[in-house]
Amino acid sequence: MNQLVVQKYGGTSVGSIERIKKVAARIARMRKSGLDIVVVVSAMGGETDKLLDMARQINPDPKRREVDLLLSSGERVSSALLSMALDNIGCPSVSMTGRQIGLITDSSHTRARIKEIDTERAKRVLKKKHVIVVAGFQGINEHGDVTTLGRGGSDTSAVALAVALKAERCEIYTDVDGVYTADPNVVPDARKMDRVSYDEMLEMASLGAQVLQFRCVEFCRKYHMPLIVKSSLLDESTGTLICEEDSSMEQAVVSGVMSDKNQAKITIKGVPDQPGIASKIFTGIANASLSIDMIIQNVSEEGLTDISFTLPKEDMDEAIKIVKKLGEVIKAREISADSDICKVSIVGAGMRSNSGVAAKMFEALSGENINIAMISTSEIRVSCIVDEKYAELAVRVLHDTFHVSTEQGEAELNNGAQSA
Ligand code: ASP
Ligand code: MG
């Protein structure tokens, strides 16, 4: 058996006929070097948005089942075209939809989770020495209906296939050279990282680093699948390896600074401060498969309290609907929403062994007069909700404060500052 590699090409990489041909040539070269290859493709750049836009022009609130069938077509187009391009240069290949590759999901349309992959057909095709070109981002549920895995879901298709087929590694080809310490468009001296641990990448992916879908990193970490992110546009891209943390990794206190403008905050004011209220609110939201990020509850006054939480902007309207209904039941005084917010975060495995990191972050933000509305932390992350207009400034200031552009990050933090 040859070594098997799963390669995923994103929307930019297959964004035009010329680029599809270029990707085909790259795959054929690697195939010649003796690798078995399963390719996963995204829709051609911008296609998914175009399809969504058409849907909304027809019906402002389309059924999610129909949205899935519509969106899955984008990836089918690019997989069939890439397969044709491969055949045309003498590299035999077969394109496959989610159903054909055996990818079974639950029934949460537009954000389905993978339940299993039936690899029998894929294995047969690989034995025949064909490259398989899979339409990413999609599967079918138990009723045979088409589902999709959430925006950016082709990354997750690729890793799940790599795990199921026991691939050597999974390679994600994109339009950037790897994972950066911050968005280079915002921070000119942001640096490409050579290696990042699963834990750090997981935090970064959940914090607005657009380069990988969160669930894809979750999968890799769970199954110890090495993941490489690199550019399909540059021939000499070394990329970033995402793998188990080890002692050879940089032990920077802060490895990356991220901001996420795709955040909204909902506040429920005047909620009775009684057992069971938070559970009612958040069970209602969880039942709609909406995922909440930060939650704060204020100290109660006269038996009433305020609860605020954040979630992705696109889920705001749905969450408001649910909270309004619940608000009547629990007799809340007022419900308000704010979508002009942003979450800025610092991430670094080195935080585990350094104190005072959070304090230093707050100081840096206050030095720029940036007000912090909410704070949350994990072992290797600190996040603050700030006004959306400060997103770029906050990232630049924090990147600078923690010297993220230099490899060593910084060690001087240890000097007696209080614990984060
Ligand atoms: N085409 C889908 C999207 O734009 C999935 C993907 O590209 O991974 O979100
Ligand atoms: Mg993507």
Side-chain angles (χ1 to χ4, degrees), residues 6-16 19-20 23 38-56 62 64-83 95-99 101 103 105 108-114 117 132-140 146-163 170-176 179 201 204-206 208-220 225 227-233 242 260-262 289 291 312-315:
V6 174
Q7 301 188 326
K8 181 250 169 180
Y9 291 91
T12 319
S13 307
V14 294
S16 66
R19 292 217 171 133
I20 290 177
V23 165
V38 171
V39 179
V40 175
V41 285
S42 283
M44 295 171 77
E47 276 310 307
T48 309
D49 288 330
K50 248 186 242 162
L51 292 169
L52 266 178
D53 186 52
M54 281 200 278
R56 294 211 177 105
R64 281 161 49 193
R65 179 188 178 279
E66 313 309 332
V67 172
D68 271 351
L69 185 60
L70 178 72
L71 294 192
S72 70
S73 67
E75 270 69 10
R76 293 172 184 225
V77 169
S78 45
S79 62
L81 289 176
L82 179 54
S83 181
S95 64
M96 287 195 198
T97 64
R99 174 199 295 271
I101 200 74
L103 197 150
T105 72
S108 290
H109 283 289
T110 74
R111 40 181 169 254
R113 286 187 162 264
I114 299 173
I117 298 182
I132 304 179
V133 186
V134 180
F137 174 55
Q138 58 190 278
I140 51 162
V146 173
T147 53
T148 64
L149 308 178
R151 296 308 303 267
S154 300
D155 295 344
T156 302
S157 308
V159 171
L161 276 166
V163 170
C170 183
E171 301 176 343
I172 305 272
Y173 286 91
T174 174
D175 51 355
V176 290
V179 182
M201 195 61 232
M204 291 183 200
S206 75
Q210 298 285 331
V211 65
L212 288 172
Q213 202 202 27
F214 176 76
R215 289 218 318 257
C216 141
V217 187
E218 227 177 14
F219 246 107
C220 287
M225 175 60 63
L227 185 68
I228 296 165
V229 179
K230 55 171 141 179
S231 165
S232 67
L233 308 176
I242 297 137
D260 182 3
K261 292 184 183 174
N262 185 27
S289 296
S291 54
K313 257 182 198 154
E314 66 264 22
D315 294 340

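Residue numbers start at 1 and run along the sequence shown. FYI, side chains are in, hydrogens and waters are out, and symmetry mates aren't considered; it's all heavy atoms of this structure. Whatever order the structure lists them in is the order used to number ligands and atoms, beginning at 1.
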Between ligand 1 and R151, is the shortest N or O to N or O distance under 3.5 Å? yes
Look only at interatomic distance and state if T48 has a nitrogen or oxygen under 3.5 Å from any nitrogen or oxygen of ligand 1. yes
Is the side chain of R76 donor-acceptor paired with the backbone N or O of T97 at a distance under 3.5 Å, no angle test? no
Hey, does the side chain of E75 reach the backbone of A43 with a donor-acceptor pair shorter than 3.5 angstrom? yes
With nothing but distance in play, are any N or O atoms of F137 less than 3.5 Å from an N or O of ligand 1? no
Mode of E75 contact toward ligand 1 - side chain, backbone, both, neither (heavy atoms, under 4.0 Å): side chain
Can you find a non-hydrogen atom of G153 under 4.0 Å from ligand 1? yes
Can you tell whether the side chains of K50 and E47 come within less than 4.0 Å, N to carboxylate O? yes
R151/D49 salt bridge by N-O under 4.0 Å criterion: yes
Kindly determine whether Y173 and K230 satisfy side chain to side chain contact (heavy atoms under 4.5 Å, CB included), including the steps that lead there. CA-CA 5 Å; Y173 286 91; K230 55 171 141 179; 3.7 Å; yes
Check each atom of ligand 1 against the heavy atoms of S42 and keep those under 4.0 Å away; list them by number with element. 6 (C), 7 (O), 8 (O)
Which of the ligand 1 atoms, numbered from 1, are nearer than 4.0 Å to a heavy atom of G152: 3 (C), 5 (C), 6 (C), 8 (O), 9 (O)
Is the side chain of R64 donor-acceptor paired with the backbone N or O of H109 at a distance under 3.5 Å, no angle test? yes
